[in-house]
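A quick write-up on the structure given underneath.
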Number of protein chains: 2
Amino acid sequence: MEKVEIPRKTIYRLSIYQRCLTKLHENGAETVSSSALAAAAGVKPAQLRKDLTYFGQFGTRGLGYSVEELRNAIRDVLGRTHLQPVVLIGAGNLGTALLRYQGFQKEGFEVVAAFDAVPEGVVKRGISVPLHDIDDLTRFVQENEVRLAILCVPADGAQEVANEIVGAGVTGILNFSPTVLQVPESVTVNNVDLALELENLSYFVGRD
Amino acid sequence: MEKVEIPRKTIYRLSIYQRCLTKLHENGAETVSSSALAAAAGVKPAQLRKDLTYFGQFGTRGLGYSVEELRNAIRDVLGRTHLQPVVLIGAGNLGTALLRYQGFQKEGFEVVAAFDAVPEGVVKRGISVPLHDIDDLTRFVQENEVRLAILCVPADGAQEVANEIVGAGVTGILNFSPTVLQVPESVTVNNVDLALELENLSYFVGRD
DNA sequence: TCGTGTGAAGACGTTCACAGCT
DNA sequence: AGCTGTGAACGTCTTCACACGA
């Protein structure tokens with residue numbers, strides 16, 4: 001197979017395009033041009049078209065794209081026909097907030113279980129996800145063949161937990177801990193580092 | 001002034017280097033080589049050295065970098081000698097969690113006020129930041145010359161709030177709403193889109 | 001000899017500009 | 001005429017490889 005690899009940044013944008021297409025679909029739009037969709041997504045038209053060429057041709061010259069067709073095509077590429085089970089580890093402030101957060105469910109992800117070192121101490125108000133002791137983590141991940149994990153533990157314990165879940169079969173980690181995780185190449189880590197983002201902003205704001 | 005612009009990605013990495021240096025400093029290390037620091041930060045040695053050349057020379061050939069000197073130099077570049085005041089808008093699940101989150105304070109940011117459309121409905125447990133009605137937002141931002149804002153409102157209200165705070169003088173927005181904000185060029189927006197990150201992960205995990 | 005500093009090469013991503021289909 | 005699809009140009013970031021100083 002000589003499939004050209006789709007750039008990571010393109011994958012991110014595909015998700016954004018899909019959201020815009022869903023909104024257009026709800027508004028009853030049948031077709032959309034690359035310039036209109038690009039404007040909604042905050043990119044240039046040429047970029048949008050280039051992104052799409054990575055996995056096929058979908059438009060009609062002189063007309064644009066069928067909203068529904070393009071949406072289906074992107075969904076297929078992103079591979080979310082089926083729901084992905086996710087575990088969340090570390091039910092502190094951030095962790096519990098994410099458990100209450102509706103955005104994941106809305107996008108087709110189900111947080112099937114949460115783990116904490118001291119599950120008794122967690123405020124469970126508004127949380128319907130079962131909360132386990134962290135000792136059950138490996139067993140649970142293996143038995144349920146979980147591939148995705150959200151990591152919300154403090155920085156000093158993050159690497160240890162990461163090793164454990166990777167050993168148990170997790171291959172994608174959404175890491176909220178302010179640490180650089182060392183993982184095998186086969187594992188994908190997406191870092192969400194809140195302090196880092198603020199610090200970065202403050203750099204660009206700070207020049208006067 | 002003919003200062004070469006420091007790439008945005010380098011700025012991000014500087015923050016990471018700084019964290020690693022702080023950890024090294026706490027462990028009593030005096031000097032560090034580019035390869036050691038790079039390994040800790042998860043980058044290649046050449047990249048680290050290149051990043052540093054954007055704003056000066058700090059190492060000693062054959063020896064490495066002075067942990068303390070380099071840390072101070074990076075702090076100066078990032079410009080965080082003084083604390084930046086930040087406002088948070090939208091005290092829902094995510095917003096309140098961020099208010100309780102200690103990571104910002106630890107990195108030198110102070111959330112000076114939070115705003116919500118219905119401040120009475122917010123659970124205030126564990127929150128010490130004053131909570132205002134969103135009607136006071138513009139006045140507060142102007143009077144306190146706030147430059148940074150954390151946006152945690154639902155997607156459909158985000159653009160409106162963004163317009164308001166930009167008008168009031170905010171030039172850096174940390175946006176947690178799953179929307180593409182349209183702002184003037186002079187304003188920096190850093191998006192933290194949780195569902196997007198998960199979707200992205202699931203793409204890389206999904207191939208088997 | 002060891003590790004930094006850096007020009008040059010390379011890889012990658014974006015933008016342009018236009019050919020070609022409807 | 002209008003808008004897509006795309007090779008080529010461009011710009012940016014990363015990596016290499018080695019000169020140079022300690």
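Chain letters run A, B, ... following the sequence lines, proteins first, then strands; residues in each count from 1.
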Report summary line: For residues 14-25 of chain A, the salt bridge (Lys or Arg N to Asp or Glu O under 4.0 Å) pairs (sequence neighbours left out) are A:R19-A:E107, A:R19-B:D193
Query raised in the report: How would you list, by chain and number, every residue that makes a side-chain contact (heavy atoms from CB on, under 4.5 Å) with B:T188, sequence neighbours excluded?
Result: A:L201, A:F204, B:R8, B:N190
**Report entry** A:V170 and A:L148, any side-chain heavy atoms less than 4.5 Å apart
**Finding:** no
Query raised in the report: A:R61 CZ to C:dG20 P: how many Å, rounded?
Result: 9 Å
Requested in this report: Take atom CD of B:E30 as the centre, draw a 6.0 Å sphere, and report whether it contains more than 12 heavy atoms from other residues, nucleotides or ligands.
Outcome: no
Query raised in the report: Does the side chain of A:F109 come within less than 4.5 Å of A:P85's, by heavy atoms?
Result: no
Report summary line: Students should find that the nucleotides of DNA chain D closing off the region near chain A, any atom under 4.0 angstrom from a heavy atom, are D:dG2 to D:dA8
Query raised in the report: Do B:Q159 and B:N163 have a side chain donor and acceptor closer than 3.5 Å?
Result: yes
Requested in this report: Hey, which sits more toward the 5' end of DNA chain C by its nearest nucleotide, B:S33 or A:G62?
Outcome: B:S33
Query raised in the report: Can you name the ring pair (Phe, Tyr, Trp, His ring centres under 6.0 Å) partners of A:F176, sequence neighbours left out?
Result: none
Query raised in the report: Among pairs that include at least one residue of residues 162-183 of chain A, which meet salt bridge (Lys or Arg N to Asp or Glu O under 4.0 Å), considering only residues two or more places apart or in two chains?
Result: none
Report summary line: In B/S/- notation (B base, S sugar-phosphate only, - none; protein heavy atoms under 4.0 Å), nucleotides 12-17 of chain C written 5' to 3' is -SSBBB
